[in-house]
Amino acid sequence: MANQNEKELAGRAAAELVVSGNIVGLGTGSTAYFAVVALGERVKAGLKIVSIPTSDTTAELARAVGIPLSTLDEHPEIDITIDGADEIDPQLRLIKGGGGALLREKIIASASKKMVVVADSSKIVAVLGRFPLPVEIIPFASVVLEKKITALGATCKLRTRADGSAFITDEGHHILDCSFGKIADPPALARALNDMPGVVEHGLFIGIAKLAMVGKGRTVAEIRPKSIRKSARAKRARPRPAKQKQKLRKRRRS
């Protein structure tokens, strides 16, 4: 129940970032659900937006709450996308895909001026990897890719439905859930997976999210990438070169 309350707080807070006229990417999952519902309430109250859903499930929800839908063909540039995550590290690198919509989610997030992640406090981790990394693959290459990804140090499992049949994504692919344990170098792993023929997409979102709205108890924390804050402080604290200091001294004497 506590997590559900945090999810709703985060989803509703993120929905308040949307303004009339926005093209909005609508995420998939249990926390994004609350953002979509909140946006539906705002649309009924007069908010004018057009949305692009990341899954068929989200499209159905958006229709049910009265949010107008469109496509990437009509709106290839999105103002803001609100989506959930399975894990979030201090640099706002994410693992996504627990809901099976990672391909469309990454496409829409990458087409957005701003991606806002919504989550409850349990999704914050020091190092990515506690949650199995979803890798979307073409069925033809399933066995080959499982061997290749296992060679990288993962334990792979084909995602299945309750009846034991293979889970099929909205784009007709399979998903391997790959348990790596702690992922020491997410960018390197992302590159290795990208280089494998037959991998359609993976759930590592690196350098995409700009802001996270995280429910913590009865409040919502806004989290931005730590690396950005560090680089900004470094620029402010950067010492002047010796030549520049000498010029300043001469100007003061004159």
Side-chain angles (χ1 to χ4, degrees), residues 3 27-32 54-58 81 83-111 115 117-209 212 225-227:
N3 279 4
T28 298
S30 58
T31 313
T54 56
S55 67
D56 295 343
T57 300
T58 297
T81 287
D83 206 348
D86 300 300
E87 284 190 348
I88 305 170
D89 82 358
Q91 296 181 51
L92 289 197
R93 298 180 298 195
L94 318 173
I95 286 182
K96 288 179 53 57
L102 64 103
L103 175 58
R104 291 188 187 180
E105 286 173 341
K106 190 174 283 189
I107 291 169
I108 288 177
S110 298
M115 181 194 182
V117 186
V118 288
D120 64 84
S121 57
S122 71
K123 302 300 192 299
I124 302 297
V125 298
V127 181
L128 297 178
R130 182 178 63 194
F131 191 90
L133 176 65
V135 180
E136 188 161 339
I137 64 171
I138 64 168
F140 176 78
S142 180
V143 173
V144 170
L145 288 171
E146 184 173 348
K147 288 182 178 179
K148 287 186 175 182
I149 298 171
T150 298
L152 295 178
T155 300
C156 300
K157 184 179 180 181
L158 180 69
R159 187 177 299 186
T160 57
R161 299 188 182 278
D163 63 2
S165 63
F167 177 88
I168 306 296
T169 70
D170 289 343
E171 295 297 324
H173 304 130
H174 288 175
I175 289 180
L176 289 175
D177 289 309
C178 306
S179 299
F180 284 92
K182 291 183 178 180
I183 301 174
D185 191 341
L189 178 57
R191 289 191 295 271
L193 293 170
N194 287 337
D195 287 344
M196 292 183 185
V199 168
V200 180
E201 194 49 85
H202 55 77
L204 286 169
F205 283 52
I206 299 172
I208 297 176
K226 278 190 175 180
S227 58

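- Taking 4.5 Å as the limit, some side-chain heavy atom of Met196 sits within range of a side-chain heavy atom of Ile149.
- No donor-acceptor pair under 3.5 Å is formed between the side chain of Asp83 and the backbone N or O of Ala32.
- Between atom CG of residue Asp120 and atom CG of residue Asn3 there is a gap of 4.0 Å, rounded to the nearest 0.5 Å.
- Nearest heavy-atom pair across Pro187 and Asp185 is CD-OD1, 3.1 Å.
- At a threshold of 4.5 Å between non-hydrogen side-chain atoms, the residues Leu152 and Phe180 count as touching.
- Using modelled atom types, one side-chain atom of Ser110 and one backbone atom of Lys106 make a donor-acceptor pair closer than 3.5 Å.
- Listed for the Asp86 side chain is a donor-acceptor partner under 3.5 Å among the backbone atoms of Gly98.
- Put simply, the side chain of Glu201 reaches to within 4.5 Å of the side chain of Asn194, judged on heavy atoms.
- The CZ atom of Phe205 sits 12.0 Å away from the CD1 atom of Ile88 when rounded to the nearest 0.5 Å.
- Closest of all the heavy-atom pairs between Thr31 and Ala119 is CG2-N, 3.8 Å.
- Note that CG of Leu103 and CD1 of Ile108 are 9.5 Å apart. Values are rounded to the nearest 0.5 Å.
- In the model, Thr58 has a side-chain atom that pairs as donor or acceptor with a side-chain atom of Thr28 under 3.5 Å.
- Within the 4.5 Å cutoff, side-chain heavy atoms of Leu176 are placed close to those of Leu158.
- Going from atom NE2 of His202 over to atom CD of Glu136 covers 11.5 Å, rounded to the nearest 0.5 Å.
- For Arg104 and Asp56, the salt-bridge test passes: some basic side-chain N is under 4.0 Å from an acidic carboxylate O.
- To the nearest 0.5 Å, atoms CG (Asp170) and OG1 (Thr54) are separated by 8.5 Å.
- Expressed to the nearest 0.5 Å, how far NZ of Lys147 lies from SG of Cys156 amounts to 12.5 Å.
- Between Ile95 and Pro134, some side-chain heavy-atom pair lies under the 4.5 Å cut-off.
- Closest of all the heavy-atom pairs between Ile175 and Gly100 is CD1-CA, 3.6 Å.
- A salt bridge links Asp177 with Arg159; the closest basic N to acidic carboxylate O contact falls under 4.0 Å.
- In terms of heavy-atom proximity, Ala190 sits nearest to Leu204 at N-CD1, 3.9 Å.
- Looking at heavy atoms from C-beta onward, Gln91 lies out of side-chain contact with Ile206 at the 4.5 angstrom threshold.
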For this session: Report the C-alpha separation of Leu193 and Val135 in whole Å, then their side-chain angles, then the decisive distance to 0.1 Å, and conclude whether the side-chain contact (heavy atoms from CB on, under 4.5 Å) test is met.
Result: CA-CA 8 Å; Leu193 293 170; Val135 180; 4.3 Å; yes

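- Put simply, the residue from Lys96, Arg93, Arg130, Lys123 that forms a side-chain contact (heavy atoms from CB on, under 4.5 Å) with Glu87 is Arg130.
- With a 4.5 Å cut-off on side-chain heavy atoms, Thr169 and Val200 do not count as touching.
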